[in-house]
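Inspection log for the structure reproduced underneath, given as structure tokens.
All residue numbers in this chain count up from 1 along the given sequence.
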Amino acid sequence: QVQIVESGGGSVQAGGSLRLSCAGSGAFYWRNCVGWFRQAPGQEREGIAAIATATGRPNYADSVKGRFAISEDNTKNIVYLQMNGLKPEDSAMYYCAAASCTAYGVPLGLDMRNYTYWGQGLQVTVSS
């Protein structure tokens, strides 16, 4: 059984930073791929960052590349999403998701259909 809990959301002014955390339980960490997704009202869920926890190899959506960074803490079984240079258009519900990697150390990418386990999500609001 895999359980995922996100934390760290909130409100920030444009240009500010937030760090989201994704904590996993069970066998979540050692053999899984993790992704961060977001969904704004009236829009489809968008994949923004992904990582293979065995190697730390990441990939990013163009919309966040250079501003967001996904990383892992081997000692705490947590995946982070550091968000810098936030813009009002980054406002959304943010979700962490996980699944078994199909190839060792290779991220699953940004397609939500690749992910099996999902957290409840948290709100990020960026004001101008």
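If you chain together hydrophobic residues whose side chains sit under 4.5 Å apart, Val64 and Val12 fall into the same group.
One distance of note links CG of Leu86 with CD of Glu89; it measures 10.0 Å at 0.5 Å rounding. To the nearest 0.5 Å, atom CZ of residue Arg67 and atom OG of residue Ser17 are 10.5 Å apart. Here the straight-line distance linking atom OG of Ser21 with atom CG of Leu122 works out to 9.0 Å at 0.5 Å rounding. The distance from the SG atom of Cys22 to the CG atom of Asn77 is 9.0 Å, given to the nearest 0.5 Å. Put simply, NZ on Lys87 and OG on Ser128 are 14.0 Å apart, with the number rounded to the nearest 0.5 Å. Note that CG of Leu20 is 11.0 Å distant from CZ of Arg38, once rounded to the nearest 0.5 Å.
Each of Glu44, Arg45, Glu46 was checked for a side-chain hydrogen bond (donor to acceptor under 3.5 Å, both in side chains) with Gln39, and the lone residue meeting it is Arg45.
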| field | Worked check of side chain to side chain contact (heavy atoms under 4.5 Å, CB included) between Leu81 and Ile48 | value | CA-CA 10 Å; Leu81 184 68; Ile48 56 174; 3.8 Å; yes
| request: Before giving the answer on side chain to side chain contact (heavy atoms under 4.5 Å, CB included), spell out for Met83 and Val124 the whole-Å C-alpha distance, their side-chain angles and the decisive distance to 0.1 Å. | output: CA-CA 10 Å; Met83 306 187 296; Val124 170; 4.0 Å; yes
| Are Lys65 and Asp62 close enough, and set up right, to give a salt bridge (Lys or Arg N to Asp or Glu O under 4.0 Å), and what steps lead you there? | CA-CA 5 Å; Lys65 197 172 293 183; Asp62 288 342; 3.3 Å; yes
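Looking at heavy atoms from C-beta onward, Asp90 lies in side-chain contact with Phe68 at the 4.5 angstrom threshold.
Listed for the Ser91 side chain is a donor-acceptor partner under 3.5 Å among the backbone atoms of Val126. Put simply, the side chain of Arg57 never gets that close to the backbone of Ala52: no donor and acceptor are under 3.5 Å apart. In this structure, the side chain of Glu6 engages the main chain of Cys96 through a donor-acceptor pair within 3.5 Å. Here the side chain of Thr53 pairs a donor or acceptor atom with the backbone of Asn32 at under 3.5 angstrom.
Pairing each heavy atom of Ala92 with each of Gln123, the nearest pair is O-NE2, 3.4 Å. Of all heavy-atom pairs between Gly109 and Asn59, the closest is CA-ND2, 3.7 Å. Nearest heavy-atom pair across Val106 and Cys33 is O-SG, 3.2 Å.
Under the 4.5 angstrom side-chain criterion for Ile, Leu, Val, Met, Phe, Trp and Tyr, the cluster partners of Met93 are Phe37, Tyr95, Leu108, Met112, Tyr115, Trp118.
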